[in-house]
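Since the structure comes first, as structure tokens, the remarks are kept for the end.
Keep in mind that this is a model prediction, so the values were computed, not measured. Note on naming: letters A, B, ... go to the chains in the order of the sequence lines (proteins, then strands), and numbering restarts at 1 for each one. Quick note: numbers below take in every heavy atom, side chains included, and nothing from hydrogens, waters or symmetry partners.
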Protein chains: 2
Amino acid sequence: MKATDLKPRSNTQRAIDEMRELIFTGRLPAGSDHLESELAAQLGMSRTPVREAALTLEAQGLLEMRPRKGVRILPVSVEDMREIYDVLTELESLAAELAAKRNYSDPELAALAQSIEDMDRAIESENLEIWAEADERFHKELVRLGGNSRVETIVAMMSDQVRRARSITLYMRPVPIKSNVDHRGVLDAIRKGDAAQARRIHHEHRQSAKAVIIDLLERHRLHRV
Amino acid sequence: MKATDLKPRSNTQRAIDEMRELIFTGRLPAGSDHLESELAAQLGMSRTPVREAALTLEAQGLLEMRPRKGVRILPVSVEDMREIYDVLTELESLAAELAAKRNYSDPELAALAQSIEDMDRAIESENLEIWAEADERFHKELVRLGGNSRVETIVAMMSDQVRRARSITLYMRPVPIKSNVDHRGVLDAIRKGDAAQARRIHHEHRQSAKAVIIDLLERHRLHRV
DNA sequence: GCATAAATTTACGTATGCATTAAATGATGC
DNA sequence: GCATCATTTAATGCATACGTAAATTTATGC
């Protein structure tokens with residue numbers, strides 16, 4: 001197979017990927033409506049793959065298909081944030097607990113440790129984008145180490161739903177210095193195999209993150225993001 | 001509007017409903033493959049709504065679309081059961097905790113109490129079908145009382161995934177007498193507003209249900225259901 | 001006989017066409 | 001003017017058509 005032979009992603013898959021990107025960047029703004037035919041034209045394909053993509057994204061909670069009103073990009077309210085963070089709290093804490101029970105070796109925990117170091121360095125160099133990327137990596141890796149594929153899927157879905165809110169508030173947040181204390185605490189607990197502590201620390205970590213972001217949204221009157 | 005004017009569910013919705021039913025009853029057996037065109041013929045419609053239904057059910061973890069191999073009804077392994085019950089444990093326990101914090105009045109808890117009574121009566125009259133229905137009602141109502149719509153959705157999805165396994169093992173299980181002690185404990189804790197206890201009791205309840213059903217599946221060599 | 005290649009079949013991915021019906025617009029009566 | 005009904009418009013839900021590529025079958029060479 002020549003290097004030029006890139007296997008062609010299906011149009012449906014392209015539609016999914018591109019619509020996700022458009023949603024996360026706000027080029028399809030929260031609360032906006034879009035006709036299937038408009039989206040199809042914009043993506044350079046027919047309505048069929050666009051409908052299939054929309055169905056998929058609807059199941060993932062990113063949009064809603066309303067007959068004759070078009071595809072609606074779902075806004076996220078403060079109440080939604082509470083719901084989502086509560087789910088994230090429970091399932092990530094479960095993942096932390098399960099990870100601690102698995103007796104991982106240090107090499108297996110390297111990626112997790114790396115993300116923590118990256119966050120430290122990002123804070124030193126005051127680069128919040130990099131910090132956010134590493135933070136996301138930490139949470140994703142933690143969940144992966146938990147070894148429950150359904151938890152992984154659900155957490156990814158919920159994370160997608162709060163993605164816009166997180167990037168909007170990124171520069172409003174106090175510099176997340178304390179955050180890495182928690183992260184290290186979780187990592188240490190996993191290293192020691194202390195499932196209860198891993199769970200507890202992460203639980204508190206997520207609940208306080210929830211409080212911070214909800215407070216921000218309310219103070220800045222961002223009722224729907 | 002005349003009584004005969006029943007609004008016509010869309011073919012896509014019909015396909016979703018009917019395929020779900022076929023999956024739960026085993027008429028589309030776990031692990032079996034089905035061409036889109038066959039399903040379309042069987043449901044008396046074209047491939048288009050069948051594909052849309054399949055996409056939706058795929059997102060809900062009931063089947064998998066594999067190009068040229070047809071739609072595959074996903075079997076559930078023992079490991080899958082572990083994953084699913086762990087998610088159910090966490091999220092239902094969260095719901096119990098949240099419900100306890102909401103200070104519901106007795107009338108608002110009537111449906112939950114009713115389901116418990118129904119289980120008692122079902123056990124007296126040794127009708128496991130009715131018991132299972134009431135048990136399902138209890139869990140669904142508990143989650144509803146938790147007031148987190150995402151938890152509701154996810155729990156419903158996970159419950160669907162273990163539905164076959166539950167109905168297969170229903171008559172293998174020891175008569176679930178102890179079960180209602182837990183249910184009452186959860187209800188009492190919610191009445192008292194004792195969130196921690198509601199959570200703890202329900203958590204143990206679900207984990208022990210997980211142990212029972214996994215033990216059954218293993219002893220009966222039901223590796224994939 | 002067996003491996004390989006050519007030919008055929010067929011299931012899917014996607015475009016397209018169209019009937020249906022909700023929404024929008026305009027007409028009518030008061 | 002305003003409410004009600006008729007008319008028009010247009011977005012969707014779905015059927016259908018078809019090119020493509022994977023899978024299968026058949027043919028071919030050794």
Problem - Minimum side-chain heavy-atom gap M45(B)-R14(B) below 4.5 Å - result: yes
Handout entry: Phosphate contact (dG13(C) OP1 or OP2) by R51(B) side-chain N/O below 4.0 Å
Key = yes
Completion exercise
Side-chain atoms of P49(A) come closest, of dA15(D), dC12(C), dT14(C), to dT14(C)
Problem - Nucleotide of dC12(C), dG13(D), dA15(D) approaching M45(B) most closely (side-chain heavy atoms) - result: dA15(D)
Exercise for the section: Would you mind telling me which residue lines up with the more 5' stretch of DNA chain C, Q13(A) or L35(B), judged by nearest nucleotide? Expected result: L35(B)
Fill in the blank from the handout: Looking only at dG13(C), dG13(D), dA15(C), the nucleotide nearest the P67(A) side chain is dG13(D)
Practice task
Report which part of the nucleic acid E52(B) touches: base, sugar-phosphate, or nothing (heavy-atom distance under 4.0 Å, all strands).
Solution key: nothing
Practice task
Write down the distance between CZ (R9(A)) and C1' (dT20(D)), rounded to a whole number of angstrom.
Solution key: 19 Å
Practice task
Answer with yes or no whether R68(A) presents, from its side chain, a donor or acceptor under 3.5 Å of a partner atom in the base of dT21(C).
Solution key: yes
Handout entry: N-O pairing of R51(B) and E52(A) below 4.0 Å
Key = yes
Exercise for the section: Figure out the CG/P separation between D33(A) and dA10(D), and round it to whole Å. Expected result: 18 Å
Fill in the blank from the handout: Atom CD of E36(A) and atom C1' of dG17(C) are separated, to the nearest Å, by 15 Å
Exercise for the section: Using a heavy-atom cut-off of under 4.0 Å over every strand shown, decide if T48(A) touches base, sugar-phosphate, or nothing. Expected result: base
Problem - R206(A) and E92(A) ion-paired at < 4.0 Å - result: yes
Practice task
Starting from C1' on dT21(C), measure out to CZ on R66(A) and report it in whole angstrom.
Solution key: 18 Å
Handout entry: Rounded interatomic separation in angstrom, taking CE from M65(A) and C1' from dA11(D)
Key = 11 Å
Exercise for the section: Could you state the atom-to-atom distance from CZ of R47(B) to P of dA15(D) in whole Å? Expected result: 12 Å
Exercise for the section: Determine, for D135(A) against R166(A), whether the closest basic-nitrogen to carboxylate-oxygen distance falls under 4.0 angstrom. Expected result: yes
Practice task
Considering only NZ, NE, NH1 and NH2 on the basic side and carboxylate oxygens on the acidic side, decide whether R72(B) and E58(B) come within less than 4.0 Å.
Solution key: no
Completion exercise
Assert: residue with more 5' nearest nucleotide on DNA chain D, out of K69(B) and H34(A), is H34(A)
Practice task
Using atom CG of N11(B) as one end and atom C1' of dT20(C) as the other, report the distance to the nearest whole Å.
Solution key: 13 Å
Fill in the blank from the handout: Here the distance between atom C1' of dT14(C) and atom CZ of R14(A), to the nearest Å, is 12 Å
